[in-house]
Amino acid sequence: MTAPLPVRPPEPPEKTPPPPPRAPEQRRPSRLLSPLRETGKLFALGIAVGRAIFRRPFQLREFIEQFWFVASVTILPAALVSIPFGAVIALQVGSLTQQLGAQSFTGGASVLAVIQQASPIIVALLISGAAGSAICADLGSRKIREELDAMEVMGVSPIQRLVVPRVLATMLVAVLLNGLISVVGTLGGYFFNVIMQDGTPGAYLASFSALAQLPDLYVSEFKALIFGFIAGIVAAHRGLNPRGGPKGVGDAVNQSVVITFMLLFFVNMVLTAIYLQIVPAKGG
């Protein structure tokens, strides 16, 4: 008689592993908040540049090279543009004063318009269009070639090494160009008023001395300084943040020019309103 075979106990059912926990869904950044983020980054870069200006070592050689480059691409266009600007303002103001019977005030009105408004705006357009686009393209090409990342790895700040000299160069050139445009525009307005509208040189100069005052020149230079700073910061910001390779660099250049124009006209309106409220008119 054979012994019964041992019965093997049934194997316990395999436990299925619990499903992995779901990762929290990442919300895509809203497109409505994108302009606010870009504005915050722009202000942060401006503050960083303001702090880096007083740090050592100062890149003197880079500053001189950028100053020469910005001046070389803007001096001749500034002189050529300021002549028709002064002529148009002088002709328009002269025609209006003739209709009102106040032709003797043509010189003061046209010169004040050139110094306070036309000259800083011309400087802003030339700095942002000629120099700002070149700065943006230069920094953008360095960014896509990863030169800026290599500088950060070596412990060199791209803001202090590259951005600060360019911003200071645009500011200094803007102040100097503003004086040049004011002089050339005033001479152009004088020529067209005296030659083409039969004005008298004595009345032109007398009305200018009667209406103009020294703070008009101060606010003009201050506007040019602020406009040069804005143009340099916007160009550097877009150049440091290109998107999409070489095509993104071209898009960044276009965006920098458009954004600079919008900011400059807005800031000009604010500064003009503040100046007219703080500084009383001469003889008022």
Side-chain angles (χ1 to χ4, degrees), residues 46 49-50 52-54 58-90 110-139 162-191 208 212-236 239 256-257 260-261 263-265 267-268 270-272 275 279:
V49 170
I53 290 176
F54 303 99
F58 180 72
Q59 304 297 327
L60 181 60
R61 181 176 181 180
E62 185 76 15
F63 168 73
I64 294 175
E65 291 178 355
Q66 294 301 318
F67 173 83
W68 177 252
F69 168 73
V70 175
S72 63
V73 299
T74 53
I75 287 179
L76 183 59
L80 296 178
V81 170
S82 60
I83 295 176
F85 249 92
V88 169
I89 292 176
S110 60
V111 171
L112 287 179
V114 169
I115 293 178
Q116 287 190 14
Q117 302 299 327
S119 181
I121 289 178
I122 294 173
V123 169
L125 297 180
L126 290 174
I127 290 293
S128 60
S133 58
I135 291 174
C136 181
D138 179 36
L139 295 178
L162 300 176
V163 177
V164 170
R166 285 162 171 78
V167 173
L168 290 179
T170 56
M171 293 171 64
L172 182 57
V173 172
V175 172
L176 299 178
L177 276 184
N178 185 69
L180 173 65
I181 295 174
S182 298
V183 172
V184 177
T186 301
L187 294 178
Y190 173 85
F191 174 80
F208 169 65
Q213 51 186 341
L214 200 56
D216 298 329
L217 181 60
Y218 293 160
V219 72
S220 178
E221 296 289 353
F222 180 72
K223 282 183 179 181
L225 185 69
I226 296 298
F227 293 167
F229 178 77
I230 293 175
I233 290 296
V234 174
S256 69
V257 175
T260 305
F261 282 4
L263 287 177
L264 292 177
F265 282 108
V267 173
N268 180 60
V270 173
L271 293 178
T272 302
Y275 173 75
V279 180

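As a basis for the values below, the full set of heavy atoms in this structure was taken, side chains included, without hydrogen atoms, waters or symmetry mates. Count residues from 1 along the sequence.
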Would you say [X] and [Y] make side-chain contact, with heavy atoms under 4.5 Å?
{"X": "Ile127", "Y": "Val70", "answer": "yes"}
{"X": "Leu225", "Y": "Glu221", "answer": "no"}
{"X": "Phe67", "Y": "Val173", "answer": "yes"}
{"X": "Phe265", "Y": "Ile121", "answer": "yes"}
{"X": "Phe227", "Y": "Val123", "answer": "no"}
{"X": "Leu264", "Y": "Asn268", "answer": "no"}
{"X": "Phe261", "Y": "Leu125", "answer": "yes"}
{"X": "Gln116", "Y": "Thr272", "answer": "no"}

Where do [X] and [Y] come nearest, in terms of heavy atoms and distance?
{"X": "Gln213", "Y": "Tyr275", "answer": "NE2-OH, 4.2 Å"}
{"X": "Gly228", "Y": "Ala174", "answer": "CA-CB, 4.1 Å"}
{"X": "Pro165", "Y": "Gln66", "answer": "O-CB, 4.4 Å"}
{"X": "Ser82", "Y": "Ala79", "answer": "OG-O, 2.9 Å"}
{"X": "Ser220", "Y": "Asn178", "answer": "OG-ND2, 2.8 Å"}
{"X": "Thr260", "Y": "Ser128", "answer": "CG2-CB, 3.3 Å"}

Just verifying a value: how many Å separate [X] [atom1] and [Y] [atom2], rounded to the nearest 0.5 Å?
{"X": "Ile115", "Y": "Ile181", "atom1": "CD1", "atom2": "CD1", "result": "12.5 Å"}
{"X": "Leu60", "Y": "Leu168", "atom1": "CG", "atom2": "CG", "result": "11.0 Å"}
{"X": "Ile230", "Y": "Met171", "atom1": "CD1", "atom2": "CE", "result": "10.0 Å"}

Next on the checklist: So for atom CZ, which belongs to Phe222, do other residues, nucleotides or ligands contribute more than 12 heavy atoms lying within a distance under 6.0 Å?
Outcome noted: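 No, CZ of Phe222 has 12 or fewer neighbouring heavy atoms, counting only those of other groups under 6.0 Å.
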
Checklist entry - Can any side-chain N or O of Asp138 pair as donor or acceptor with the backbone N or O of Ile135 at less than 3.5 Å? => result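 Looks like no, no N/O pair under 3.5 Å.
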
Checklist entry - Between Leu180 and Leu177, does a side-chain contact (heavy atoms from CB on, under 4.5 Å) hold up when you go through it step by step? => result CA-CA 5 Å; Leu180 173 65; Leu177 276 184; 4.2 Å; yes

Next on the checklist: Walk me through whether Phe63 and Val164 qualify under side-chain contact (heavy atoms from CB on, under 4.5 Å).
Outcome noted: CA-CA 8 Å; Phe63 168 73; Val164 170; over 6 Å; no

Next on the checklist: Can you confirm whether the side chains of Lys223 and Ser119 place a donor and an acceptor under 3.5 Å from each other?
Outcome noted: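 Distance-only check fails for Lys223 and Ser119.
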
Checklist entry - Given Phe69 and Val73, is the side-chain contact (heavy atoms from CB on, under 4.5 Å) satisfied, shown in steps? => result CA-CA 6 Å; Phe69 168 73; Val73 299; 3.9 Å; yes

